[in-house]
Amino acid sequence: MISTLTQVTPETLSEIESEKQLRHTRELFLLFAMGSQFDHLIKLALDRLGVYCLVADPEQVTAAGVMKLNPTGIIVSGGPSSASDNPPFDLSVFDLGIPVLGICLGFQMWAAHRGARVGAAAHREFGRHPLKLTVDSPLFAGIQSGSQVLQSHGDRIEPSPSIEVLATTDNAPVAAGHLRHLWGVQFHPEVTAGEDGLRLLENFVFGICGAQDRFPAGDVAGLKAKDIRAQVGNKRVLLALSGGSDSSVVAALLTKALKPGQVRAIYIRGIDRPDDEAFVRQYFSHLDLHIHDATAEFLKALAGITAMHDKRVAMRGIYKQVLETEAAKFKAAFIAQGTLYTDLTESGGGHQSGARKAQIKLHHNANLGFSVPELTPLDDMVKDTARAIGRNLGLPEELLVRHPFPGPGLIVRIEGEVTADKLHIARQADGIFIEELRRAGLYESSWQAGAVVTTSGHTFTKGDDAGTGLVLALWAVWSTNGFTVEWAELPYDFLRHVSRRLTNEIREVAAVVYRISDKPPATVEWG
Ligand code: XMP
């Protein structure tokens, strides 16, 4: 499974063909990710439209490669460079006749390539602005003039005889433009994907590029439910439910496929995020939901262990043991998990970096060797097709688009020995950080974020109190898939506010630091 396309070789072409089959499509969209903080929102939006969107590395995939891939359409995203800096990208991609949607920098790049003047605007435009449509265009079908769009640019495209202006904003005389197969928007439709932005992307994908195949989530859900029924018959199933999107989708499938008494969901408490249990209770209390508090079991198994690898091994042991015990109690003939195809392949879970190779085998929910057979109805799905099934079965978006969370849970966010106190601090810190990201509207644009309890000490003085407290390390990343990530440039005001809350509200915390390293070399998780 290809996470980011770098080379177009016979092998990658054949991998893409098998992925098309998995996704029930004949079509492919390429996203050249130019490094915008919103890149993953473009991918998410295309996933929501049910089309296969492959992220391509602009430094390595050339026009010759694109021709071999024969995509139905191409999106070139925004990014931190200026078109005049010649960002690494083969501009002949714009000359292939394949429909292109340039977003922000992507638009400026093709406009400059086709002779338009692109330069620094007198006013940097940032924030929401009303869009004035100047002509009827298929890109804006169903979108009204006055629609609010998010602008974030310092450069602008000057009017040019060759480019048809489709829309303007106060500071952008060419807020959207068109030249034959080339389409462009200066603003970020992916950020307003819930509103007209998604409609714009849909217009490009289906209207302009003429895509025919959407992932048939309803059909696949129906087939999967039928398979589950055939496999399970009248027997019982224990489902490991975590509050994340994959096991939630399995819960919805099992609900559709089986009779109520046949399914028990087990939620394992102990190394979970502070809001996981609330999500599970909110959306799955109609199931026979059991909460197993395994905190003591985890802590006992983790006592005295400091090496991250050994902590992961210990965690896996408890996870397996709890599920086996609960399955026996329920007389379950199957244990169901939300394991995805990608979890089972080497690229799954993001463990591609050389140093972490051994951990691929340790994926918490793969190859556990239970004494009862496993039911993994999503093991031929990738994240977004699984989400599409969940959406089709009525699961809410807030559940489906939660940040990824590692199977070994908070233990990978605790340095040194895992203790009850440190688990408590890690959970409080995650709660505050994520709550503030949501409040500031930064949750969706960050791909993932976390707080780490380090073993570093720091002197503190709080009121009359003074002593040594601990250092919390925060991180947040922008990414399209977790294989390569950039540290997220969160606003200073935001970081200051979060840091104050963390030091005020968590007694043990003396200082907060923010990680500013990309992957590679640093992995997403601390441990
Ligand atoms: P790394 O830290 O390898 O993480 O850069 C990439 C993505 O994978 C998640 N991750 C895991 N997920 N079991 C999982 O299910 C694990 O052992 C594991 N380790 C890391 C990580 O949170 C990030 O999303």
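Note that the coordinates shown come from a computational prediction; the quantities given were computed from them, not determined experimentally. When reading the values below, keep in mind they use all heavy atoms of this one structure, side chains included, and skip hydrogens, waters and symmetry mates.
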ask   = Side chains of Leu31 and Leu46: does their closest heavy-atom pair fall under 4.5 Å?
value = no
message = Taking atom CZ as the centre, does Arg117 end up with more than 12 heavy-atom neighbours from other residues, nucleotides or ligands that are less than 6.0 angstrom away?
response = no
message = Could you measure the distance from the CG atom of Asp90 to the CD atom of Gln60? Nearest 0.5 Å is fine.
response = 13.0 Å
task = Run the numbers on Thr9 and Thr12 for side-chain hydrogen bond (donor to acceptor under 3.5 Å, both in side chains), then give the verdict.
result = CA-CA 5 Å; Thr9 61; Thr12 50; 3.2 Å; yes
request  = Could you tell me which non-hydrogen atom of Ala488 sits nearest to which non-hydrogen atom of Trp478, and how far apart they are?
outcome  = CB-NE1, 3.4 Å
query = If you measure from the Lys or Arg side-chain nitrogens to the Asp or Glu carboxylate oxygens, is any gap between Glu202 and Arg214 under 4.0 Å?
reply = yes
inquiry  = Using side-chain hydrogen bond (donor to acceptor under 3.5 Å, both in side chains), reason through Gln186 and Thr169 one step at a time and then give a plain yes or no.
reply    = CA-CA 9 Å; Gln186 182 57 77; Thr169 56; over 6 Å; no
ask   = Are side-chain heavy atoms of Val185 and Val149 found at a separation under 4.5 Å?
value = no
message = Side chains of Asp379 and Tyr341, heavy atoms from C-beta outward: is any pair under 4.5 Å?
response = no
request  = Rounded to the nearest 0.5 Å, what's the gap from OG1 on Thr62 to CG on Leu91? Could you check?
outcome  = 12.5 Å
ask   = Can you tell me if Glu190 uses its side chain to pair, donor with acceptor, with the backbone of Leu41 under 3.5 Å?
value = no
inquiry  = Measuring from atom CH2 of Trp475 to atom OG1 of Thr523, what distance do you get when rounded to the nearest 0.5 angstrom?
reply    = 9.0 Å
query = Is there a donor-acceptor pair closer than 3.5 Å between any side-chain N or O of Asn203 and the backbone N or O of Ala141?
reply = yes
key: Note: Lys20-Asp213 ion pair, threshold 4.0 Å (strictly below)   = no
inquiry  = Check this for me, if you would: do Lys224 and Asp380 make a salt bridge, where the nitrogen-to-carboxylate-oxygen distance has to be below 4.0 angstrom?
reply    = yes
inquiry  = Between Thr134 (side chain only) and Leu166 (backbone N and O only), is there a donor and an acceptor less than 3.5 Å apart?
reply    = yes
query = Is any side-chain N of the basic residue among Asp95 and Arg114 closer than 4.0 Å to the acidic one's carboxylate O?
reply = yes
ask   = More than 12 heavy atoms of other residues, nucleotides or ligands under 6.0 Å from CG of Asp85: is that the case?
value = yes
ask   = More than 12 heavy atoms of other residues, nucleotides or ligands under 6.0 Å from CD of Glu164: is that the case?
value = yes
request  = Taking all heavy atoms of Leu30 and all of Ala56, pick out the closest pair and write down the distance.
outcome  = CD2-CB, 4.3 Å
query = Is a side-chain N or O of Ser446 found less than 3.5 angstrom from the main chain of Leu442, in a donor-acceptor match?
reply = yes
Non-hydrogen atoms of Leu105 and Ser82 that approach each other most closely = CD1-C, 3.9 Å
query = Can you pull the salt bridge (charged side-chain N to carboxylate O under 4.0 Å, His left out) pairs that have at least one residue in residues 98-112, sequence neighbours excluded?
reply = none
note = When every non-hydrogen atom of Ser247 is compared with those of Ser242, the smallest separation belongs to OG-N, 3.0 Å
query = Hey, mind stepping through Asp39 and Ser77 against side-chain hydrogen bond (donor to acceptor under 3.5 Å, both in side chains) and telling me if it holds?
reply = CA-CA 7 Å; Asp39 282 352; Ser77 79; 2.7 Å; yes
request  = Report yes if some heavy atom in the side chain of Thr6 is under 4.5 Å from a heavy atom in the side chain of Val61; otherwise report no.
outcome  = no
ask   = Hey, are the side chains of Leu410 and Phe405 touching, using non-hydrogen atoms and a 4.5 Å cut-off?
value = yes
query = Does Arg439 pair with Glu436 as a salt bridge, N-O distance under 4.0 Å?
reply = yes
ask   = Do His178 and Val135 have side chains that get closer than 4.5 Å, going by heavy atoms?
value = no
ask   = If you round to the nearest 0.5 Å, how far is CD1 of Ile163 from CG of Leu182?
value = 8.5 Å
ask   = Do any N or O atoms from the side chain of Arg312 and from the backbone of Gly527 form a donor-acceptor pair under 3.5 angstrom?
value = yes
query = Counting distance only, does the side-chain N/O of Glu15 pair as donor-acceptor with the main-chain N or O of Met1 below 3.5 Å?
reply = yes
inquiry  = With side chain to side chain contact (heavy atoms under 4.5 Å, CB included) as the criterion, how do Arg387 and Arg391 come out once you've worked through the C-alpha distance, each side chain's angles and the decisive distance to 0.1 Å?
reply    = CA-CA 6 Å; Arg387 277 195 185 125; Arg391 214 168 270 135; 4.1 Å; yes
task = Check the pair Ile75 / Phe204 against side chain to side chain contact (heavy atoms under 4.5 Å, CB included), numbers first and verdict last.
result = CA-CA 10 Å; Ile75 297 181; Phe204 174 70; 4.0 Å; yes
inquiry  = ring pair (Phe, Tyr, Trp, His ring centres under 6.0 Å) for Phe94 and Phe89? Distances and angles first, verdict last.
reply    = CA-CA 10 Å; Phe94 295 137; Phe89 177 76; 5.2 Å; yes
query = Taking all atoms of both residues into account, what is the closest heavy-atom pair of Ala116 and Ile157, and its distance?
reply = CB-CG2, 4.2 Å
inquiry  = Test your reading of the model: is there a side-chain donor-acceptor pair from Tyr443 to the backbone of Ala449, 3.5 Å cut-off?
reply    = no
query = Taking the six-membered ring for Trp, are Phe140 and Phe187 parallel (under 30°), tilted (30 to 60°) or perpendicular (over 60°)?
reply = tilted
query = If we only count heavy atoms from C-beta on, is the Glu435 to Arg501 side-chain gap below 4.5 Å?
reply = yes
message = The criterion is ring pair (Phe, Tyr, Trp, His ring centres under 6.0 Å); which residues satisfy it with Phe279, sequence neighbours excluded?
response = none
task = Could you tell me whether Arg23 and Asp384 have a side-chain N and a carboxylate O separated by less than 4.0 Å?
result = yes
ask   = Are Ile411 and Ile414 side-chain neighbours, meaning at least one heavy-atom pair lies under 4.5 Å?
value = no
task = Go through the steps for Leu198 and Leu49 under the test side chain to side chain contact (heavy atoms under 4.5 Å, CB included), then give the verdict.
result = CA-CA 8 Å; Leu198 190 63; Leu49 294 175; 4.0 Å; yes
key: Thr4: which of Asn481, Asp57, Thr484 passes side chain to side chain donor-acceptor pair (under 3.5 Å)   = Asn481
request  = Give a yes or no on whether a salt bridge exists between Arg156 and Glu158, defined as a side-chain N under 4.0 angstrom from a carboxylate O.
outcome  = yes
Salt bridge (Lys or Arg N to Asp or Glu O under 4.0 Å) assessment of Arg496 paired with Asp493 = CA-CA 5 Å; Arg496 180 179 298 114; Asp493 283 352; 3.0 Å; yes
message = Run Leu5 and Leu69 through side chain to side chain contact (heavy atoms under 4.5 Å, CB included) and show every step you take.
response = CA-CA 11 Å; Leu5 183 70; Leu69 293 159; 3.5 Å; yes
message = Less than 4.0 angstrom from a charged side-chain N to a carboxylate O is my criterion; do Asp276 and Arg402 meet it?
response = yes
message = Would you call the rings of Phe494 and Phe433 parallel, tilted or perpendicular, taking 30° and 60° as the class edges?
response = tilted
ask   = Distance from Leu253 atom CG to Asp227 atom CG, nearest 0.5 Å?
value = 10.0 Å
remark   = Between Ser479 and Gly482 the two heavy atoms that sit nearest each other are OG-N, 2.7 Å
remark   = Rounded to the nearest 0.5 Å, the OG1 atom of Thr454 sits from the CZ atom of Arg413 at a distance of 15.0 Å
